[in-house]
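Take a look at the structure below.
No hydrogens, no waters, no symmetry mates; every other heavy atom, side chains included, goes into these values.
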Amino acid sequence: MNENVLISIVGRHLTDDDENTIETKYPGKYAFFQGKHIIRYVEYPEVEENAAPAAIPCMLKIDKNNVILSKKGAAPVKMHFSPGTAHNTLYQTPLGSLPLRINTSELEITEEDGAISVNLSYKLHINGNPISECSMSISIVENS
């Protein structure tokens, strides 16, 4: 795969009251290092009117059994997805940090010429309480 890629992420969150789907697409840089696919990109979340957009540096690390999504900036987070293992992290909010646990139930990674697809399912817990069932689809394709 060449260095220039397009990353598409579709995340779905299902709570007791609501279902929310978020779709994002960003250009990024790809590398393969020590058995891992490394993808770096920058997110530009929606901002209020007259506010300057904030760039959030992001990195995906993918190997056959793990996906790690790291985001920096004002609300840094590191989410580790690995079936059969609960991973704890802190979710940063304007009011402080919340303990977040990620329980991944499914992880499927498909590698093809010039493309990588990741599909995963997981449950989120905050302060030990289940808050949502989630799924995420990630597509990384060469961008010429």
Side-chain angles (χ1 to χ4, degrees), residues 1-49 51-94 97-126 128-144:
M1 182 167 329
N2 70 34
E3 178 184 41
N4 296 313
V5 293
L6 181 63
I7 300 102
S8 301
I9 301 174
V10 178
R12 292 180 186 84
H13 299 270
L14 177 63
T15 63
D16 290 339
D17 304 327
D18 197 19
E19 183 174 343
N20 189 14
T21 300
I22 299 171
E23 296 183 42
T24 59
K25 289 185 181 186
Y26 298 103
K29 297 292 183 185
Y30 170 85
F32 189 77
F33 183 71
Q34 296 183 343
K36 292 181 174 70
H37 302 281
I38 311 290
I39 300 94
R40 294 178 190 272
Y41 62 99
V42 177
E43 281 187 2
Y44 293 93
E46 292 183 26
V47 294
E48 294 181 24
E49 193 173 321
I56 300 172
C58 303
M59 181 170 48
L60 274 167
K61 291 182 182 178
I62 302 168
D63 66 30
K64 64 180 182 174
N65 298 312
N66 299 279
V67 172
I68 299 172
L69 173 60
S70 302
K71 296 183 180 189
K72 296 188 178 186
V77 68
K78 182 177 183 180
M79 300 177 76
H80 190 158
F81 304 95
S82 178
T85 305
H87 291 280
N88 297 309
T89 190
L90 290 176
Y91 179 69
Q92 305 292 335
T93 73
S97 301
L98 295 172
L100 181 69
R101 186 175 73 226
I102 302 165
N103 289 331
T104 306
S105 56
E106 294 179 41
L107 174 60
E108 179 185 330
I109 300 168
T110 306
E111 298 178 41
E112 298 176 8
D113 236 11
I116 300 168
S117 296
V118 177
N119 291 298
L120 53 93
S121 298
Y122 60 99
K123 292 182 181 178
L124 290 178
H125 299 256
I126 290 183
N129 299 312
I131 58 164
S132 64
E133 292 190 27
C134 309
S135 65
M136 188 183 319
S137 298
I138 304 168
S139 171
I140 300 133
V141 295
E142 286 182 342
N143 189 14
S144 36

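Taking each heavy atom of Pro83 and Ser105 in turn, the nearest pair found is CB-O, 4.5 Å. Between Ala115 and Val141, the closest heavy-atom pair is CB-CG1, 3.9 Å. The shortest non-hydrogen separation linking Leu90 to Pro99 is CD2-CA, 3.9 Å.
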> Step by step, would you call Val118 with Met136 a side chain to side chain contact (heavy atoms under 4.5 Å, CB included)?
Replying inline: CA-CA 8 Å; Val118 177; Met136 188 183 319; over 6 Å; no

> Can Met1 and Ile116 be said to form a side chain to side chain contact (heavy atoms under 4.5 Å, CB included), step by step?
Replying inline: CA-CA 9 Å; Met1 182 167 329; Ile116 300 168; 3.5 Å; yes

> Could you go step by step and tell me if Leu124 and Ile126 meet the side chain to side chain contact (heavy atoms under 4.5 Å, CB included) rule?
Replying inline: CA-CA 7 Å; Leu124 290 178; Ile126 290 183; 5.9 Å; no

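To the nearest 0.5 Å, atom CE of residue Met59 and atom CG of residue Leu69 are 9.5 Å apart. How far NZ of Lys36 is from CD1 of Ile62: 11.5 Å, rounded to the nearest 0.5 Å. For the atom pair CE (Met79) and CG (Leu120), the distance works out to 9.0 Å, reported to the nearest 0.5 Å. The line from CZ of Arg12 to CD of Glu23 is 7.0 Å long, rounded to the nearest 0.5 Å. A distance of 13.0 Å separates OG in Ser135 from NZ in Lys123, rounded to the nearest 0.5 Å. A distance of 14.5 Å separates NZ of Lys25 from OH of Tyr41, quoted to the nearest 0.5 Å.
Relative ring orientation between His13 and Tyr122 is described as perpendicular, the plane-to-plane angle rising above 60° on a 0-90° scale split at 30° and 60°.
The closest side-chain heavy-atom distance from Leu98 to Leu100 is not below 4.5 Å. Counting heavy atoms from C-beta outward, Thr85 and Thr104 have side chains that stay 4.5 Å or more apart. Taking 4.5 Å as the limit, some side-chain heavy atom of Val5 sits within range of a side-chain heavy atom of Ile7. For the pair Lys78 and Ile68, the minimum side-chain heavy-atom distance is below 4.5 Å. Using a 4.5 Å heavy-atom threshold, the side chains of His125 and Asn103 count as touching. The shortest distance between side-chain heavy atoms of Ile109 and Lys64 does not fall below 4.5 Å. The shortest distance between side-chain heavy atoms of Tyr30 and Glu142 does not fall below 4.5 Å.
Within 6.0 Å of CZ on Arg40 lie no more than 12 heavy atoms contributed by other residues, nucleotides or ligands. Counting heavy atoms of neighbouring residues, nucleotides and ligands inside a 6.0 Å radius, atom CZ of Phe33 does not exceed 12 of them. Annotation: Tyr26, atom OH; neighbour count of heavy atoms from other residues, nucleotides and ligands within 6.0 Å is above 12.
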